[in-house]
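Input: a single structure, listed below in structure tokens.
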Amino acid sequence: MVDVIKDLSVFFPGQVLSGQQVSAKYSVDWSGESAHTPDIVVRAKTVFDVSKLLAFCNKSSLPIVTQGGMTGLSGGSTPQGSEIVLSLELLSGITDVDVESMTITALAGTPLEQLQQAANDVGFYLPLDLGARGSCTIGGNVATNAGGNQVLSYGMTRALVLGLEAVTADGTVIRSMNKMLKNNAGYDLKQLFVGSEGTLGVVTEVVLRLYPKPLTKQSALCGFSNFSQVVSFLQYMQRNFSRVTTFELMWDNYVKQVRQMNQQLMPVLADDHSFYVLIEIEGNDPARDDDCFNWKLQACLDAGLLNDAVVAQSERDVNRFWQLRDGVIDILAKVKYRANFDIGVPISQMASFVHTVEVELVASFKNLQLCTFGHMADGNLHIIAWTGREDDVDSIYERVYTLVGTVGGTITAEHGIGTMKRQYLSLCRSEQEIDLMRALKKAMDPNNILNPGRVI
Ligand SMILES: Cc1cc2nc3c(=O)[nH]c(=O)nc-3n(C[C@H](O)[C@H](O)[C@H](O)COP(=O)(O)OP(=O)(O)OC[C@H]3O[C@@H](n4cnc5c(N)ncnc54)[C@H](O)[C@@H]3O)c2cc1C
């Protein structure tokens with residue numbers, strides 16, 4: 001390792017950290033799993049740095065792990081063994097805003113929030129949004145095909161990426177900076193890198209699609225006594241509004257847990273409910289949209305599709321609603337030994353699935369605590385379960401993932417496989433699918449230097 005540090009320090013003067021210079025932030029992502037301090041961190045500033053590093057490592061079969069904002073929840077960017085960390089924190093900045101083509105282009109290490117702000121500054125809108133927006137990077141979002149709060153209307157990151165630049169394992173730079181909605185000239189190579197979690201290449205720059213900024217936005221927090229009401233309400237709102245952007249469902253166990261952890265959080269609705277939904281609608285008619293939203297909610301109340309609703313009257317109200325949904329950050333920060341799921345389950349099976357999980361886990365684990373919430377309209381649920389005992393965590397994972405397999409769901413709807421879910425991949429992907437993934441990996445990274453041990 002001493003020789004490698006010497007060589008890299010010559011290639012990248014002032015950009016290599018080793019020994020005491022390596023701070024804890026490079027040791028583990030937000031999953032908190034298996035922290036490991038790397039021997040070497042290389043902080044790339046340009047695509048040429050990335051290319052040079054990969055070519056060097058490929059030649060000597062030295063493994064690399066790529067790090068963006070480290071907000072991932074699957075252990076993908078946590079270093080293992082002798083892996084060299086390739087940090088993209090200095091490869092940051094917006095390189096182009098094309099108002100006529102409605103695109104924004106940025107280097108991979110740019111925090112998502114900076115892109116949102118830059119789009120907003122020119123009167124446009126980047127609809128990719130997630131709780132980690134201040135720290136996660138656009139390269140990490142692309143690598144994980146991040147979902148977030150507005151997938152229902154705008155799709156996942158994949159739907160917003162028009163072009164990108166990536167570096168393959170041998171250091172080749174693939175520049176595919178398409179700005180058009182349509183381009184059928186051969187294989188759509190960018191999609192190989194979207195969602196491949198850094199195993200097929202390192203994303204260095206991204207072109208994203210922008211939307212016109214909506215003129216109005218309405219938000220409401222609604223209460224329900226049963227799941228079929230929630231489904232009927234979702235379908236009613238989708239029939240009546242062209243842009244239902246957010247439909248965040250919270251089970252009562254989640255709301256109780258968040259309130260317990262943050263006692264400052266005042267209840268929004270007068271009574272307790274079995275389910276809560278944070279719904280947001282976008283529109284373009286300032287004269288009518290507020291009234292229309294209120295009428296439709298009233299119609300739902302009258303028809304028994306929901307039990308209660310509070311409509312936001314100000315930005316402060318909106319923030320209060322989101323504090324409840326973003327309360328998951330307190331749970332992640334305070335609960336130490338937890339199984340943290342981001343599974344996908346068909347909506348038709350969701351209620352019975354959650355019930356089965358609850359019954360099975362409560363019967364099998366002493367002192368089980370559980371909370372359930374998520375981007376329900378995308379078929380994506382988060383379940384956090386814990387007993388206070390580290391030994392139980394793996395068994396909880398295994399039990400729930402096995403149940404996911406039986407209902408044709410996915411073990412990860414948005415956070416990705418990383419290292420933590422790799423052993424369960426076959427529960428939701430066929431042997432043939434996994435073989436094809438392996439063949440792609442072998443073709444693009446024959447020496448297995450890019451994020452080894454992640455995904456497959
Ligand atoms: C509070 C909170 C809320 C979250 N909410 C959501 C949510 O709603 N939806 C969602 O999908 N996720 C969510 N996440 C998870 C996380 O924010 C996303 O996965 C995000 O896209 C990761 O970006 P990052 O820059 O932090 O990547 P990192 O954590 O640094 O890396 C993630 C993976 O991508 C690889 N990688 C990173 N950058 C590159 C690159 N340039 N090229 C190739 N590979 C790369 C890494 O090696 C690793 O495998 C949340 C996380 C937190 C902490």
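Quantities reported herein were computed from a predicted structural model and do not represent experimental measurements. Remember, it's 1-based here, ligands and their atoms both numbered in the order they're listed.
G147 N, 2.9 Å is the protein heavy atom nearest to atom 11 (O) of ligand 1. Of the protein's non-hydrogen atoms, the one nearest atom 3 (C) of ligand 1 is A132 N, 3.8 Å.
Atoms of ligand 1 lying under 4.0 Å from at least one heavy atom of A146, given by number and element, are 11 (O), 21 (O). Annotation for ligand 1: atoms under 4.0 Å from non-hydrogen atoms of G198 are 43 (C), 44 (N). Close contacts between ligand 1 and G201 involve ligand atoms 43 (C) [criterion: under 4.0 Å to a heavy atom]. Atoms of ligand 1 found under 4.0 Å from any heavy atom of N141, numbered from 1 in the order shown, are 20 (C), 21 (O), 23 (O). Within ligand 1, the atoms closer than 4.0 Å to a non-hydrogen atom of L130 are 5 (N), 6 (C), 7 (C), 8 (O), 12 (N), 13 (C), 14 (N), 17 (O), numbered from 1 in the order shown. In summary, the atoms of ligand 1 found under 4.0 Å from a heavy atom of L88, numbered by their order in the structure, are 40 (C), 41 (N). Within ligand 1, counting atoms from 1 as listed, the ones closer than 4.0 Å to a heavy atom of N451 are 46 (C), 47 (O), 49 (O). Numbered from 1 in the order shown, with element, the atoms of ligand 1 that lie under 4.0 Å from a heavy atom of T137 read 24 (P), 25 (O).
Using a 4.0 Å cut-off between heavy atoms, S77 contacts ligand 1 through both its backbone and its side chain. The proximity of V142 to ligand 1, defined as any non-hydrogen pair under 4.0 Å, does not occur for either the backbone or the side chain. In R454, neither the side chain nor the backbone holds a heavy atom less than 4.0 Å from any atom of ligand 1.
For a threshold of 3.5 Å applied to N or O pairs, the pair formed by C136 and ligand 1 contains no separation below that value.
Panel note: side chain S51, backbone V47; no donor-acceptor pair is recorded below 3.5 Å. Put simply, the side chain of D342 gets close to the backbone of H415: a donor and an acceptor are under 3.5 Å apart. Side-chain N or O atoms of T406 include one that pairs as donor or acceptor with a backbone N or O of L403 at under 3.5 Å.
The closest approach between a heavy atom of G148 and any atom of ligand 1 is below 4.0 Å. Heavy atoms of S135 stay at 4.0 angstrom or farther from ligand 1. Under a 4.0 Å heavy-atom criterion, E197 is in contact with ligand 1. At least one heavy atom of H375 sits less than 4.0 Å from an atom of ligand 1.
E433 meets the salt bridge (Lys or Arg N to Asp or Glu O under 4.0 Å) test with R429; sequence neighbours excluded. For Y26, the ring-ring contact (aromatic ring centres under 6.0 Å, His included) criterion is met by no residue, not counting sequence neighbours.
For K213, the NZ atom counts as densely surrounded, since its 6.0 Å shell holds more than 12 non-hydrogen atoms of other residues, nucleotides or ligands. Other residues, nucleotides and ligands contribute only 12 or fewer heavy atoms inside 6.0 Å of the CD atom of E431. Heavy-atom contacts from other residues, nucleotides or ligands closer than 6.0 Å to NE2 of H355 number 12 or fewer.
Partner F341 forms a ring pair (Phe, Tyr, Trp, His ring centres under 6.0 Å) with one of F373, W386, Y401, F353 and no other, that one being Y401.
The ring of F233 has its center closer than 6.0 angstrom to the ring center of F224. Ring centroids of F124 and Y211 are separated by 6.0 Å or more, keeping the two rings apart.
Between T144, I329, I417, it is T144 that holds the heavy atom closest to atom 19 (O) of ligand 1. When the heavy-atom distances from atom 17 (O) of ligand 1 to L332, D378, T71 are ranked, the shortest goes to T71. Here atom 42 (N) of ligand 1 lies nearest to V203 when heavy atoms of D29, V203, T204 are compared.
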